[in-house]
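See structure below.
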Amino acid sequence: MNAKAESWLSPRERLARGLAYSVVGPVYVTRGVVGLGVDAAQASARGLRRRYREGRLAHDVAAAQETIGHELAAAQEVVTNLPQALRDARAARRRRSKRPLLIAGAAAAVLAGGAVTFSVVRRSTRQRPQEPSPRPPSVDIQPRP
């Protein structure tokens with residue numbers, strides 16, 4: 001039997017084969033028992049890791065629940081203070097009602113001044129109708145029949 005065939009055997013199969021054979025039995029039995037011990041150690045390590053992760057997950061879930069509770073309390077406080085905040089905002093808006101009108105009036109005056117300036121500049125740069133040239137035209141003006 002070659003090494004490749006031995007590497008495919010599980011520890012349980014090695015133990016069974018070792019008990020079956022009499023000549024190489026002690027070697028197989030020893031390898032089987034060691035392999036079962038290693039498998040058991042790996043399984044218990046996996047179980048411990050899983051339990052640790054689950055415990056950590058439970059801790060994370062508890063922390064998230066606590067955070068959500070704080071957020072909900074803060075949101076509830078904001079909702080209870082909302083009517084007062086709306087009243088304050090309405091009162092502040094009433095006090096500042098003259099300011100937007102003043103700004104709108106100034107903007108309208110600036111626009112009107114700009115329009116007047118534009119029309120004056122446009123009229124001054126407009127070409128005046130040219131006087132007829134004293135020279136005769138180079139092309140016949142009358143169409144031929």
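For reference, positions follow the sequence shown, starting with 1.
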With Arg53 as partner, the option from Arg51, Arg56, Arg49 fulfilling side-chain contact (heavy atoms from CB on, under 4.5 Å) is Arg49
Shortest non-hydrogen contact from Pro11 toward Asp39 = CG-OD2, 3.3 Å
Do other residues, nucleotides or ligands put more than 12 heavy atoms under 6.0 Å from the CD atom of Glu54?
-> yes
Calculate, to the nearest 0.5 Å, the distance between atoms OG1 and CD belonging to Thr80 and Gln76 respectively.
-> 6.5 Å
Give a yes or no on this: more than 12 heavy atoms of other residues, nucleotides or ligands lie within 6.0 Å of atom CD of Gln84.
-> yes
Measure the CZ-CG distance between Arg87 and Leu82 for me, rounded to the nearest 0.5 Å.
-> 10.0 Å
With rounding to the nearest 0.5 Å, note down the distance linking CD in Gln42 to CZ in Arg46.
-> 6.0 Å
